[in-house]
2 protein chains.
Amino acid sequence: MLSNSRAAYRAHNHQRCIDAAMSRAHERCAERRARLTPIREAVLALIWQSHRPLGAYAIADKLPPVNGKKVQAPSIYRAIDFLLELGLIHRLPSQNSYIGCPFPGNEHSDVFMVCRGCGSAAEVSADALNQIIADTSQRSGFLLESQCVELTGLCLACRDGELP
Amino acid sequence: MLSNSRAAYRAHNHQRCIDAAMSRAHERCAERRARLTPIREAVLALIWQSHRPLGAYAIADKLPPVNGKKVQAPSIYRAIDFLLELGLIHRLPSQNSYIGCPFPGNEHSDVFMVCRGCGSAAEVSADALNQIIADTSQRSGFLLESQCVELTGLCLACRDGELP
DNA sequence: AAATAGATGAAATATTGTAACAAAATTGCC
DNA sequence: GGCAATTTTGTTACAATATTTCATCTATTT
Ligand SMILES: [Zn+2]
Ligand SMILES: [Zn+2]
Ligand SMILES: [Zn+2]
Ligand SMILES: [Zn+2]
């Protein structure tokens, strides 16, 4: 089971997460002959600033201005589309936000655990879960093409700290 | 495994779906001492007009005007919130739309199969899937509170008709 | 260098959702 | 029934998210 939940929810050297993500991004773009332009790279880096998903306008607000002008929404969305396409980020539809993918390129279901305490999201790729989803689809005669699984709750850290 | 995929994706007497849904809604409101007002009932009925999820503004457009005036967004969203609260409908976050729940009141995971061909959505409550999701959460130390599973692909009918 | 395709800038607009407060309807109580 | 409390709805304005369109600029290819 691939998972970044340990990293996402605990104190860790996050710079390593960032470095790894950016380096994977460069690799992947090279493979696909796609261009990781400055805007795209900046957006990806921003998304990886933490394990909390970011909305498009939050990204726009945090991006450093170019020539004194804020980068506008369409540019942000174009960068997001590009990164989604390459599988470098994922969208969390329930909150209109975007999160870096810790293992792009690997076959993996898109399963996220989103903590309502700290806001962090961890991606988990569980084969067993995948398998059940495939079985369930098949038994219903449904040709599965993609999926989106968002689990909401409290991560270990927030569970200890904040008694509900 | 509870599922309405047979009904949702095949020709069937849909009036029975509607009648059953409305009758369940009245029951459930009675239990909870909640009021199924005309607007709320109309919104629910509209959502049940088909097995295709509807957006809030689509509902607003289709609702018959009251005193010659269109029902405004806030009223629609209030009705939606009410129906969500009672478990009579679900939200599909990936497309900002709402779909009737075929078995409200029963314990059930929220799992949907959404056909990109015909747009219909079927709800499935699979214990095995539930169980795996619970296990996966627990193994990660994640306190699961709610979930949202959207499977996208082609239903049986669309698979036969439309060769991809 | 010219042509082409890809990427960004800029302005406007569309879509989805909420806040705030007034008006109306319903409920519970006397 | 009359009256206060509560709930629901109307109305207006606005916030947040996302897209369309067309012009301009940049990179790649020929
Ligand atoms: Zn990290
Ligand atoms: Zn947390
Ligand atoms: Zn039906
Ligand atoms: Zn279909």
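Note that the structure is predicted; figures quoted are calculated from it, not measured. Order of the sequence lines sets the chain letters (A, B, ...), proteins ahead of strands, with each chain counted from 1.
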By a strict heavy-atom criterion of less than 4.0 Å, which residues belonging to residues 94-101 of chain A are in contact with DNA chain D? A:Asn96, A:Tyr98
A:Arg52, CZ: over 12 other non-hydrogen atoms inside 6.0 angstrom: no
Test applied, side-chain contact (heavy atoms from CB on, under 4.5 Å); reference residue, B:Ile89; option that passes from B:Ile99, B:Leu44, B:Leu54: B:Leu44
Once rounded to the nearest 0.5 Å, what's the spacing between atom CD1 of B:Ile80 and atom CG of B:Leu88? 13.0 Å
Measuring only between side-chain heavy atoms, which start at C-beta, is B:Tyr9 closer than 4.5 Å to B:Ser120? yes
Going by heavy atoms closer than 4.0 Å, what residues in residues 70-82 of chain B are next to DNA chain D? B:Gln72, B:Pro74, B:Ser75, B:Arg78
Tell me which pairs pass side chain to side chain donor-acceptor pair (under 3.5 Å) where either residue lies in residues 12-21 of chain A, with sequence neighbours left out. A:His12-A:His14, A:His12-A:His51, A:His14-A:His51, A:Gln15-A:Asp19
Atom OG in A:Ser146, atom CD in B:Glu150: separation rounded to 0.5 Å? 9.5 Å
Can you check whether A:Arg116 reaches A:Leu154 side chain to side chain, under 4.5 Å on heavy atoms? yes
In terms of side-chain heavy atoms, does A:Gln131 have a donor or acceptor partner in A:Asp127 at a distance below 3.5 Å? no
Rounded distance (nearest 0.5 Å) linking atom OG of A:Ser97 with atom CD1 of A:Ile59: 9.0 Å
Rounded to the nearest 0.5 Å, the CD atom of B:Glu145 sits from the CG atom of B:Leu143 at a distance of 5.5 Å
Quick check for you: name the first and last nucleotides of DNA chain D, 5' to 3', having an atom under 4.0 Å from a heavy atom of chain A. D:dT17 to D:dA27
Which part of the nucleic acid, if any, lies within reach of A:Arg33 when heavy atoms closer than 4.0 Å are counted: base, sugar-phosphate only, or nothing? nothing
Student check: side-chain heavy atoms of A:Arg35 and A:Cys29 closer than 4.5 Å: no
Rounded distance (nearest 0.5 Å) linking atom CG of B:Leu144 with atom OG1 of A:Thr152: 8.0 Å
Proximity of A:His90 and A:Phe112 rings by center, below 6.0 Å: yes
Within residues 38-52 of chain A, find the residues that approach DNA chain D with a heavy atom at under 4.0 Å, and present them sorted by residue number. none
For atom CZ of A:Arg28, decide whether the heavy atoms of other residues, nucleotides or ligands shown that lie under 6.0 angstrom number more than 12. yes
side-chain contact (heavy atoms from CB on, under 4.5 Å) test vs B:Val149 passes for just one of B:Val124, B:Asp110, B:Ile133, namely B:Ile133
Terminal axes of the helix from C:dA1-D:dT30 to C:dC30-D:dG1 (five pairs each): angle between them, nearest 10 degrees: 30°
